[in-house]
Asks: 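Here you go, one structure.
In the text below, chain A, chain B and the rest are named by the order of the sequence lines, each starting its count at 1.
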Protein chains: 4
Amino acid sequence: MTQIKNIGLFTSGGDAPGMNAAIRAVVRSAYYYGIEVTGIRRGYEGMINGELFSMDRKSVANIIQRGGTILKTARSEQFRTPEGRKLAYDQLKRHGIDALVAIGGDGTFTGARIFGNEFDIPVIGLPGTIDNDLAGTDFTIGYDTAINTVIDAVDKIRDTAESHDRVFIIEVMGRDSGLIALRTGIASGAEAIVIPETETNIGALCERLEKGRKDKLSKIVMVAEGDDAGGAFEIGRQVKERFPHYDTRVSILGHIQRGGRPSCMDRVLASRMGVAAVEALRDGHRNEMIGIIHNEITYTPFEHACKHVEEINPNLLKIVEILSI
Amino acid sequence: MTQIKNIGLFTSGGDAPGMNAAIRAVVRSAYYYGIEVTGIRRGYEGMINGELFSMDRKSVANIIQRGGTILKTARSEQFRTPEGRKLAYDQLKRHGIDALVAIGGDGTFTGARIFGNEFDIPVIGLPGTIDNDLAGTDFTIGYDTAINTVIDAVDKIRDTAESHDRVFIIEVMGRDSGLIALRTGIASGAEAIVIPETETNIGALCERLEKGRKDKLSKIVMVAEGDDAGGAFEIGRQVKERFPHYDTRVSILGHIQRGGRPSCMDRVLASRMGVAAVEALRDGHRNEMIGIIHNEITYTPFEHACKHVEEINPNLLKIVEILSI
Amino acid sequence: MTQIKNIGLFTSGGDAPGMNAAIRAVVRSAYYYGIEVTGIRRGYEGMINGELFSMDRKSVANIIQRGGTILKTARSEQFRTPEGRKLAYDQLKRHGIDALVAIGGDGTFTGARIFGNEFDIPVIGLPGTIDNDLAGTDFTIGYDTAINTVIDAVDKIRDTAESHDRVFIIEVMGRDSGLIALRTGIASGAEAIVIPETETNIGALCERLEKGRKDKLSKIVMVAEGDDAGGAFEIGRQVKERFPHYDTRVSILGHIQRGGRPSCMDRVLASRMGVAAVEALRDGHRNEMIGIIHNEITYTPFEHACKHVEEINPNLLKIVEILSI
Amino acid sequence: MTQIKNIGLFTSGGDAPGMNAAIRAVVRSAYYYGIEVTGIRRGYEGMINGELFSMDRKSVANIIQRGGTILKTARSEQFRTPEGRKLAYDQLKRHGIDALVAIGGDGTFTGARIFGNEFDIPVIGLPGTIDNDLAGTDFTIGYDTAINTVIDAVDKIRDTAESHDRVFIIEVMGRDSGLIALRTGIASGAEAIVIPETETNIGALCERLEKGRKDKLSKIVMVAEGDDAGGAFEIGRQVKERFPHYDTRVSILGHIQRGGRPSCMDRVLASRMGVAAVEALRDGHRNEMIGIIHNEITYTPFEHACKHVEEINPNLLKIVEILSI
């Protein structure tokens with residue numbers, strides 16, 4: 001049992017729904033185990049600038065249902081330099097912080113890994129990103145909420161698509177991964193899904209759209225922003241070029257996908273992981289990311305918790321083909 | 001009491017939430033008064049092409065809560081010509097239709113007015129558009145749902161804006177009118193609102209943004225798509241130009257604003273208007289749009305029910321200034 | 001122009017969505033006009049106990065979208081006594097408060113009227129109640145959100161009702177008024193509506209249910225809690241008694257109707273009224289409730305702003321009959 | 001490869017969100033594999049009464065997002081008798097049905113098991129129930145939507161609870177299982193959770209409530225309807241008895257928990273399982289329930305797919321204790 005006195009807690013990278021539930025869980029469980037928590041605003045940037053403040057149970061009251069992160073988040077150029085990290089470490093010492101919990105994604109853990117190697121301070125990470133693209137956990141905090149936000153939007157667009165017999169090219173988040181596009185495409189009955197993991201063939205896409213039109217004129221095409229064919233606008237342009245008679249529209253869902261009240265699954269996931277982070281520090285874990293795999297808590301060293309483009313389950317791609325006929 | 005035997009019912013122009021509730025109300029009340037209803041698909045285009053079918057009570061079961069329009073909608077070039085309108089009239093006669101109910105906006109009623117003058121058939125219009133820009137009614141069907149959809153989206157964006165201290169330029173619908181931007185801007189606590197009814201001064205906008213930053217870095221600017229300054233992307237570009245240090249983002253809400261389950265107010269509005277349309281035809285009304293003003297049913301001749309850019313209530317603009325400080 | 005230096009602000013009676021938007025508007029507009037605001041927790045009870053605290057712009061940041069009231073609310077027996085009111089007045093003097101803004105319903109304004117007559121302090125009221133049962137305004141803050149919450153719930157129940165061919169007796173709020181039941185009944189396509197304003201005849205209700213079953217077995221009956229026939233359980237009991245072969249279920253929506261994110265209309269209503277309250281005090285108004293009638297700000301003396309059971313619009317009742325066939 | 005020509009498809013037992021997505025997936029994938037589908041209304045009852053109809057791709061258009069089941073569901077006494085099952089089998093033969101897909105829960109599979117043993121017809125089951133209480137799958141269709149519906153409701157009730165400093169005893173579904181209460185309790189920050197899997201000690205519950213009141217007066221207690229202490233009303237009664245000074249309220253969420261648009265996870269789960277059911281029949285599977293365990297399709301014989309009260313994860317109970325302090 002390692003004696004931890006004061007945990008520094010921060011969020012970093014893109015915000016994700018459920019981060020507040022994780023913050024609450026870390027603060028409450030630390031209190032339960034007699035450990036103090038110091039909140040750090042704006043991630044590594046705030047750590048360097050000394051935006052630190054003491055948190056208690058009440059600082060996390062009534063936040064479990066709120067999107068975003070009350071600790072705010074930011075990118076930090078300074079932290080990429082040894083000087084910056086030294087400044088950060090000095091701030092932590094000044095505030096008596098002897099352990100860190102970092103909530104974020106790939107970039108957050110890269111910073112944590114370097115920092116944890118340079119200085120003698122245990123760091124535990126929680127996967128907070130809507131992209132669900134991290135090795136070491138079945139789900140990341142925010143993913144389930146984001147895909148529900150997407151299908152709410154697509155259900156609305158479908159109303160208009162069917163009323164006007166339109167073809168909608170809808171772009172969702174996913175720079176390197178088609179996970180969001182694939183899941184939400186299946187869930188919203190999309191006629192086609194365009195993702196970076198598979199080579200995009202506009203010709204085949206157009207054939208597919210044309211074939212189905214004898215039964216139904218309105219179509220939904222889900223596009224991951226990082227697709228090799230170049231995003232929804234470019235795909236829409238090419239579809240219009242081939243089929244000028246289609247009433248083709250493009251919709252970029254954009255930033256609404258990051259916000260909103262977290263889903264039940266994300267709140268439970270974040271709550272479990274937050275408690276596990278504090279218990280991991282007490283048990284002497286360091287420089288690992290908490291995950292949940294097959295419903296069990298897991299610990300993945302930061303060097304392996306980096307972003308990994310999971311192979312897309314071919315069965316899911318086949319399901320799209322089967323169900324969209 | 002005019003003897004009406006068979007009402008032709010159609011939707012035209014952009015779809016709006018609540019159109020299905022209006023369709024249901026027309027069909028059910030016609031049945032109540034012993035009048036048949038013939039559904040016409042795809043508006044004037046379907047009228048010309050003979051996409052007509054008989055409707056009964058069951059054809060409108062379980063649609064009151066659905067967005068879009070089960071009758072579909074389309075634009076029609078052909079109907080702009082005397083020949084096209086003659087073809088349409090012949091189709092109506094062939095199906096024994098002796099009255100029309102048209103659900104749509106400005107363009108729909110222009111067509112109805114011309115048609116009603118050329119041929120001896122009474123036409124009653126229902127205001128179905130999210131823009132709420134028609135003379136002769138306090139509210140159009142779809143407006144209340146659309147503004148609720150907008151604030152749901154802005155609440156989500158606000159989560160991200162605050163977490164990252166970002167300035168968001170959000171574009172909402174409104175080619176000629178700032179009504180949606182103004183109402184939703186007040187309702188989502190926007191720091192500034194940019195609408196076509198008022199001359200847009202980017203300099204003043206930037207001063208306003210800069211002034212408030214001592215208290216809060218994140219800002220929401222609501223922009224009506226038809227603003228004279230040129231939409232959210234252009235305004236975002238100019239803000240970035242002046243304040244490169246801002247983390248400025250642009251979000252176009254787009255098509256999600258047209259869809260979704262109608263709000264309670266829109267369902268009641270559509271239901272009342274649908275019943276009033278059938279009763280108006282029985283009472284001998286013709287070539288008028290049904291409206292509700294101060295909670296009373298009104299009848300406005302089509303020539304006056306055209307789109308009118310209402311003067312923006314200056315008190316509302318002042319409220320934005322007062323509350324965003 | 002009356003010189004107001006410090007406004008005491010409180011909420012009282014049942015909470016309603018939009019109260020926070022009104023609180024925000026009062027605080028921000030007071031700041032705009034150079035007036036201080038003192039928050040009073042738990043209504044009259046907190047006024048007596050001295051639960052007062054100074055509010056500034058930041059105390060109302062990020063609350064416009066939140067349900068409930070950050071000032072909390074409570075009933076106060078003590079305030080019904082002259083001694084209690086004297087204690088309250090002394091607290092106000094002690095904190096330099098020279099005006100009050102009270103957000104609540106009928107009971108709140110009764111207390112305000114008596115207090116405003118006993119002591120020389122101007123009081124302005126804002127109508128905050130989901131019941132929409134106050135004279136002097138078209139809508140009260142919270143009503144629009146509540147009816148949307150109800151139809152969301154009924155849409156869900158309808159899914160189950162149709163899948164099982166069930167008859168659902170659904171009770172909604174409304175002790176003295178059927179406004180919520182009537183509006184939401186129309187909006188959710190209820191087959192029958194049972195409200196206190198009309199004498200309830202179970203025999204007629206059952207005939208109505210039986211008649212429609214040849215077309216559709218599932219039914220929705222909306223009941224206002226204050227109905228003379230005795231609420232949903234009693235009505236359900238009598239329906240089961242007459243028609244044991246029906247699969248009859250009772251659902252009491254209850255407390256979910258008070259909460260939730262306020263609708264766009266409620267946020268705008270609350271924002272306008274909050275600003276109007278501060279401006280009214282500056283203009284020398286006292287002991288009046290702010291209202292909005294036909295989109296114009298109105299001022300109603302507290303003695304007339306009491307609960308009044310508006311006559312139900314007979315056209316709306318007829319619409320239920322017409323549309324549920 | 002077994003040659004299947006015509007699949008009989010039905011839903012049975014309580015409806016669950018996502019059943020329509022599963023129906024769609026079965027019909028579409030059967031079409032893909034050149035198999036006909038006959039829809040059977042009202043489960044086993046409709047099978048006996050011959051409520052059968054042919055389904056094609058269009059019969060399942062635009063239903064993936066709808067709650068309930070378009071095939072309706074019912075309980076059947078007749079099917080419990082050999083004579084009833086013989087009548088059912090004759091109907092299937094008469095319509096040339098040579099395989100069945102049954103969507104439902106424990107009772108549905110018991111009937112399927114008996115039927116599959118008595119007659120030579122392969123039956124595949126899909127787990128459709130909000131209770132998530134079946135062996136052989138990580139999740140049942142409808143569970144994820146139901147827990148999200150519950151937390152939406154509790155978030156609303158929390159607004160009121162905090163505004164009035166009330167103690168709310170909230171009853172959720174779960175006759176034999178506390179899974180819904182436990183997950184939603186964690187997700188909504190409940191102060192206590194009362195479930196059938198653990199012996200309920202009102203004394204300990206009251207101590208817990210009393211202890212926390214020095215920090216916060218409002219409390220949420222989640223109760224599974226099947227708890228040994230006797231449901232929310234009884235628990236509320238006992239809490240009031242001990243603490244008359246609490247403002248204690250009881251809320252039964254009831255039937256809203258079954259309805260609503262399915263979540264993304266439920267739509268994907270139902271789509272995958274629907275396709276797997278058709279492929280299982282082609283591969284010669286019979287009398288098994290499709291499940292998904294650790295993201296892989298599994299096949300569980302009906303005799304093992306019965307309701308099983310999973311042991312509650314003690315870590316989750318501890319999390320409630322830790323986080324509610």
Side-chain angles (χ1 to χ4, degrees), chain A residues 21 24-25 27-29 31-33 57-58 60-65 138 144-152 154-155 158 162 182-184 186-189 215-216 261-268 270-272 274-276 278 293-295 297 313 315-316 318-325, chain D residues 21 24-25 28-29 31-33 57-58 60-65 138 144-152 154-155 158 162 182-184 186-189 215-216 261-272 274-276 278 293-295 297 313 315-316 318-325:
Chain A
R24 172 180 177 269
V27 171
R28 294 269 170 103
S29 48
Y31 172 84
Y32 178 86
Y33 289 115
R57 282 166 9 263
K58 290 185 177 173
V60 293
N62 203 18
I63 68 169
I64 194 171
Q65 78 281 16
D138 287 343
D144 186 59
T145 305
I147 57 179
N148 279 310
T149 300
V150 169
I151 65 169
D152 286 352
V154 178
D155 284 350
R158 173 77 79 181
E162 295 197 328
L182 182 57
R183 290 255 157 185
T184 58
I186 292 172
S188 49
D215 293 317
K216 185 150 131 312
R261 296 169 49 260
S263 70
C264 188
M265 180 176 143
D266 272 330
R267 297 187 198 186
V268 173
S271 299
R272 291 182 67 185
V275 173
V278 173
I293 296 178
H294 300 165
N295 208 27
I297 297 289
N313 180 340
N315 297 332
L316 293 185
K318 187 176 176 194
I319 282 171
V320 177
E321 189 194 336
I322 291 176
L323 298 186
S324 63
I325 56 176
Chain D
R24 170 180 179 269
R28 292 271 172 102
S29 49
Y31 171 85
Y32 178 86
Y33 289 116
R57 277 157 25 254
K58 291 186 179 173
V60 294
N62 203 22
I63 68 169
I64 194 171
Q65 78 282 15
D138 287 341
D144 186 61
T145 304
I147 57 179
N148 278 309
T149 299
V150 169
I151 64 169
D152 286 352
V154 178
D155 284 350
R158 172 79 79 180
E162 295 196 329
L182 181 57
R183 290 255 155 185
T184 58
I186 291 172
S188 49
D215 294 316
K216 185 150 133 309
R261 296 168 50 261
S263 71
C264 188
M265 180 176 144
D266 271 331
R267 296 186 199 187
V268 173
L269 188 71
S271 300
R272 290 182 66 184
V275 173
V278 173
I293 297 178
H294 300 163
N295 209 25
I297 297 289
N313 180 340
N315 296 331
L316 292 185
K318 189 177 174 196
I319 282 173
V320 176
E321 189 193 335
I322 291 176
L323 298 185
S324 62
I325 57 175

Asks: Out of curiosity, Asn315(A) CG to Asn295(D) CG, how far, rounded to the nearest 0.5 Å?
Replies: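 Between Asn315(A) CG and Asn295(D) CG, I get 9.5 Å after rounding to 0.5 Å.
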Asks: Under 4.5 Å from any heavy atom of chain D, what part of Ile64(A) do you find: side chain, backbone, both or neither?
Replies: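 Ile64(A) touches chain D through side-chain heavy atoms alone.
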Asks: Would a 4.5 Å heavy-atom cut-off, applied to side chains only, mark Asp152(D) and Arg261(A) as touching?
Replies: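 Yes. Closest side-chain heavy atoms under 4.5 Å.
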Asks: Give, as side chain, backbone, both or neither, the part of Ala25(A) having an atom under 4.5 angstrom from any heavy atom of chain D.
Replies: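 For Ala25(A), backbone and side chain are both near chain D.
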Asks: Hey, does Asn313(A) have a side-chain heavy atom less than 4.5 Å from the side chain of Arg272(D)?
Replies: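 Heavy-atom side-chain distance check passes, below 4.5 Å.
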Asks: Measure across Arg24(A) and Leu323(D) and return the closest heavy-atom pair with its distance rounded to 0.1 Å.
Replies: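 Taking Arg24(A) first and Leu323(D) second, the nearest heavy atoms are NH2-O, 3.3 Å.
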Asks: For Ile293(A), is it the side chain, the backbone, both, or neither that has a heavy atom closer than 4.5 Å to a heavy atom of chain D?
Replies: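 When you check distances to chain D, no heavy atom of Ile293(A) falls under 4.5 Å.
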Asks: Using the test side-chain contact (heavy atoms from CB on, under 4.5 Å), find all partners of Ser263(A) that sit at least two apart in sequence or belong to another chain.
Replies: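 Scan of Ser263(A) (side-chain contact (heavy atoms from CB on, under 4.5 Å), adjacent residues dropped) gives Asp144(A), Thr145(A), Asn148(A), Met265(A), Asp266(A), Asn148(D).
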Asks: Residues in side chain to side chain donor-acceptor pair (under 3.5 Å) with Asp215(D), at least two apart?
Replies: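 Partners of Asp215(D) by the side chain to side chain donor-acceptor pair (under 3.5 Å) criterion, ordered by chain and then number, come out as Arg57(A).
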Asks: Checking heavy atoms, do the side chain of Leu269(D), its backbone, both or neither come under 4.5 Å from chain A?
Replies: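 Leu269(D) has no heavy atom closer than 4.5 Å to chain A.
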Asks: Show the nearest heavy-atom pair for residues Cys264(A) and Arg183(D), with the distance to one decimal.
Replies: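 Cys264(A) and Arg183(D) have their closest heavy atoms at SG-O, 4.1 Å.
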Asks: How long is the straight-line distance from CD1 of Ile322(A) back to OG of Ser29(D), given to the nearest 0.5 Å?
Replies: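 It comes to 6.0 Å.
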Asks: Taking all non-hydrogen atoms of both residues, which atom of Ala187(D) and which atom of Val268(A) are closest, and how far apart?
Replies: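 It is CB-CG2, 4.1 Å.
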Asks: Atom CZ in Arg267(D), atom OG1 in Thr184(A): separation rounded to 0.5 Å?
Replies: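 Answer for the CZ-OG1 pair, Arg267(D) versus Thr184(A), is 10.5 Å.
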Asks: Which heavy atom of Asn62(D) sits nearest to which heavy atom of Glu162(A), and what is that distance?
Replies: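 Minimum heavy-atom separation between Asn62(D) and Glu162(A): ND2-OE1, 3.4 Å.
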Asks: Against chain D, label Lys216(A) side chain, backbone, both or neither, depending on which of its atoms sit under 4.5 Å from a heavy atom there.
Replies: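 Answer is neither: Lys216(A) stays 4.5 Å or more from chain D.
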